[in-house]
Amino acid sequence: MSLIKAIGIDLAKLVFSIHGVDEYGKTKLKQTVKRNKLLEKIANIPPCIIGMEACSGAHYWAREFTKYGHDVRIMASKFVIPYRQSEKNDANDAEAICEAVTRPKTRFVSIKSEEQQAVLCLHRIRQGQIKDRTAMINRLRGLLSEFGIIMPKGRYPAQKHIVAILEDTDNALPALARELLNDLWQSIKLQNQDILKSDRKLYALANQMKDAKRLMTIPGIGEVTATAVVATVSDAKHFSTSRQFAAWIGLVPKQYSTGGKPTLGRISKRGEKHIRTSLIHGARAVIANCTNKMDRTSLWIKALIERRGFKRAVIALAAKNARLIWSLLQSGQEYQVNYVKT
């Protein structure tokens, strides 16, 4: 009897579908397993390749399966879809995963440690807090506009003027509305405190992580970006080139080329949205403060702004920083600023 070469597991909450094949592609295992029996089932299978889609719980199961000597590979669902032969169901998904995991051109996600996922928990919670605060400010702005009161644009100006608006007795704001909007304003202030607490935790983590401290020497890379990259990228050598890393973040142009004629468009915006957003915000901060600087990067930025405009310069610097991040992570070297001799 030939041994199982590869297994595809369709992850779920309670019941998991498993599909296994031998070296000739013949089905040797096809069944469903309850959650409390999954580890026992995998432990009784000789070491082989195990494929899973990147989803909730994938990294946990990958760490557990690795303990039994299996070669665990996690992939994005877009690499699995082309191999599904029939209607979508758990069994067909497991079969498609089993097929995709053995294909040479399938790209896999590096398995994250528990520490990395803990740091990412902090990032996700902070993102949710910021989103909730923005929603509350917009709600406050919209409700005030119903009474003919317009708040200034921007988060800081809005929060600066809200107290005066609520305390102004001449603006004909009904007492009930004033009370309810004041409660909303208090919630916004509490959310500000929670976000500040999360920021301080990120700053403390950044100073404890060796790789994050090296990344923060790059202009435009702060604690948020550095910790997010280190917590997301287990091994920079997983990417063969710096351009591949930038493409994974979504900072390379979309391409639609045919007939030998290359056609490039806007950035793809694929992959890691959080890291991409942080890099772009960092690039904006660098450009805003490069006017009087004479290092090579600042001179390059100023020339690029004159030639291509501000927004393209921001994206170009963000993409450049992404490549620098990959270079520092895979080489272990320090970032060095090059100044132009005058």
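Just so you know, these numbers use all the heavy atoms, side chains as well, and skip hydrogens, waters and symmetry mates. Here the structure is a predicted model, which is why all the values come from computation and not from measurement.
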Note to self: Please tell me whether I125 and L196 are part of a single hydrophobic cluster in this structure, the criterion being side-chain heavy atoms less than 4.5 Å apart.
What the structure shows: no
Next item on the list: For side chain to side chain donor-acceptor pair (under 3.5 Å), just list the numbers for N289 and R284, CA-CA rounded to whole Å, side-chain angles, deciding distance to a tenth of an Å, and then say yes or no.
Entry: CA-CA 9 Å; N289 294 279; R284 288 179 182 275; over 6 Å; no
Note to self: Would you say W61 ends up clustered with L120 if hydrophobic residues are merged whenever their side chains have heavy atoms under 4.5 Å apart, either directly or through other cluster members?
What the structure shows: no
Check: Would you call D211-K213 a salt bridge at under 4.0 Å N-O?
Finding: no
Next item on the list: Measure the spacing between CD1 of I150 and NE2 of H161 and express it to the nearest 0.5 Å.
Entry: 13.5 Å
Next item on the list: Output yes when a side-chain donor or acceptor of S198 lies under 3.5 Å from a complementary backbone atom of D194, and no otherwise.
Entry: yes
Next item on the list: Specify the closest pair of heavy atoms between V21 and C98, including all atoms of both residues, with the distance to one decimal.
Entry: CG2-SG, 3.6 Å
Next item on the list: Applying side-chain contact (heavy atoms from CB on, under 4.5 Å) between H274 and each of L279, V224, T225, V229, report the one that passes.
Entry: V224
Note to self: Any heavy-atom pair between the side chains of L144 and I162 that's under 4.5 Å?
What the structure shows: yes
Note to self: Looking at R107, I'd like to know if its CZ atom is crowded, meaning that more than 12 non-hydrogen atoms belonging to other residues, nucleotides or ligands lie closer than 6.0 Å.
What the structure shows: no
Notebook entry, point to check: Between the main-chain N or O of G250 and the side-chain N or O of R270, is there a donor-acceptor pair closer than 3.5 Å?
Noted result: no
Notebook entry, point to check: For the atom pair CD1 (I137) and OH (Y156), what is the distance rounded to the nearest 0.5 Å?
Noted result: 10.0 Å
Check: If every non-hydrogen atom of G332 is compared with every non-hydrogen atom of R214, which pair is closest and at what distance?
Finding: C-NH1, 3.6 Å
Next item on the list: Run the numbers on S110 and D235 for side chain to side chain contact (heavy atoms under 4.5 Å, CB included), then give the verdict.
Entry: CA-CA 7 Å; S110 56; D235 185 4; 5.7 Å; no
Note to self: The test is side chain to side chain contact (heavy atoms under 4.5 Å, CB included); show your working for L38 and I18 and say whether it passes.
What the structure shows: CA-CA 10 Å; L38 181 60; I18 302 177; 3.9 Å; yes
Margin query: I'd like to know whether I111 forms a side chain to side chain contact (heavy atoms under 4.5 Å, CB included) with I74, so could you lay out the CA-CA distance, the side-chain angles of the two residues, the decisive distance to 0.1 Å, and finally the verdict.
Written below: CA-CA 7 Å; I111 300 173; I74 303 174; 4.2 Å; yes
Item checked: Nearest-0.5 Å distance that lies between atom OG in S278 and atom CD in E272 -> 10.0 Å
Margin query: Before we go on, tell me: are the rings of F239 and W326 under 6.0 Å apart, centre to centre?
Written below: no
Margin query: Assess the residue pair T232 and Q116 against the criterion (side chain to side chain donor-acceptor pair (under 3.5 Å)); give the C-alpha distance rounded to whole Å, side-chain angles, the decisive distance to 0.1 Å, and a yes or no.
Written below: CA-CA 7 Å; T232 305; Q116 286 179 301; over 6 Å; no
Notebook entry, point to check: Is R139 reaching over with its side chain to a backbone N or O of L184, donor-acceptor style, under 3.5 angstrom?
Noted result: no
Margin query: Evaluate D71 against R73 for salt bridge (Lys or Arg N to Asp or Glu O under 4.0 Å), listing each step before the verdict.
Written below: CA-CA 7 Å; D71 179 11; R73 304 175 184 179; 2.9 Å; yes
Next item on the list: Please report the closest heavy-atom contact between G69 and P47, naming both atoms and the distance.
Entry: O-CB, 3.4 Å
Check: Quick one: which of K197, Q159, Q129 gives a side chain to side chain donor-acceptor pair (under 3.5 Å) with N192?
Finding: Q159
Note to self: Checking the side chain of N171 only, and the main-chain atoms of D168 only, is there a donor and an acceptor separated by less than 3.5 Å?
What the structure shows: yes
Item checked: Exercise: identify the closest heavy-atom pair between E223 and T227 -> O-OG1, 2.7 Å
Check: Is a side-chain donor or acceptor of H238 paired with a backbone partner of F108 at a separation under 3.5 angstrom?
Finding: yes
Check: Would you say N321's side chain and P219's backbone share a donor-acceptor pair under 3.5 angstrom?
Finding: yes
Next item on the list: Look only at the side chain of S327 and the backbone of R323, and say whether a donor-acceptor pair between them is shorter than 3.5 Å.
Entry: no
Check: Could you state the interatomic distance from NZ (K269) to OG1 (T277), rounded to the nearest 0.5 Å?
Finding: 9.0 Å
Next item on the list: Report yes if the side chains of T263 and Q255 come closer than 4.5 Å at any heavy-atom pair, otherwise no.
Entry: no
Notebook entry, point to check: Say you draw a straight line from CZ of R126 to CD1 of I130; how long is it, rounded to the nearest 0.5 Å?
Noted result: 4.0 Å
Item checked: Criterion side chain to side chain contact (heavy atoms under 4.5 Å, CB included) on E53 and I9, from CA distance to verdict -> CA-CA 8 Å; E53 287 183 319; I9 303 178; over 6 Å; no
Item checked: Validation row: V80, M75 side chains within 4.5 angstrom (heavy atoms) -> yes
Next item on the list: Flag the pair R155 / R133 as yes when at least one side-chain heavy-atom distance between them is below 4.5 Å, and no otherwise.
Entry: yes
Checklist line | T297 side chain near L317 side chain, heavy-atom distance below 4.5 Å | finding: yes
Check: Counting only heavy atoms not in K302, do more than 12 fall under 6.0 Å of its NZ?
Finding: yes
Note to self: For a 4.5 angstrom cut-off between non-hydrogen side-chain atoms, does I97 reach H19?
What the structure shows: no
Note to self: What I want to find out is whether E99 reaches R103 closely enough, with some N-O distance under 4.0 Å, to be called a salt bridge.
What the structure shows: yes
Checklist line | Sub-4.5 Å side-chain heavy-atom contact between L39 and Y68 | finding: yes
Note to self: Among R35, K37, K41, M52, exactly one meets side-chain contact (heavy atoms from CB on, under 4.5 Å) together with F16. Which residue is that?
What the structure shows: R35
Item checked: Backbone N/O of S17 and side chain of D90: donor-acceptor pair under 3.5 Å -> no
Note to self: Looking at every heavy atom in both Q31 and L29, which two are closest together, and how far apart are they?
What the structure shows: OE1-CD1, 3.1 Å
Checklist line | Heavy-atom donor-acceptor pair, Q244 side chain to S240 backbone, under 3.5 Å | finding: yes
Item checked: Contact summary for V101 and G51, nearest pair of heavy atoms -> CG2-CA, 3.6 Å
Next item on the list: Give a yes or no on whether I165 and M136 share a hydrophobic cluster (residues Ile, Leu, Val, Met, Phe, Trp, Tyr; joining criterion: side-chain heavy atoms under 4.5 Å apart).
Entry: yes
Checklist line | Common cluster, L11/Y83, ILVMFWY with side-chain heavy-atom separation under 4.5 Å | finding: no
Note to self: How long is the straight-line distance from CZ of R243 back to CG of L251, given to the nearest 0.5 Å?
What the structure shows: 11.0 Å
Item checked: Connected via hydrophobic side-chain network under 4.5 Å: F147 and L143 -> yes
Next item on the list: Report yes if some heavy atom in the side chain of I81 is under 4.5 Å from a heavy atom in the side chain of R84; otherwise report no.
Entry: yes
Notebook entry, point to check: Just by distance, do the side chain of S145 and the backbone of G142 share a donor-acceptor pair under 3.5 Å?
Noted result: yes
Item checked: For H70, the option from I7, I50, I49 that meets side-chain contact (heavy atoms from CB on, under 4.5 Å) -> I50
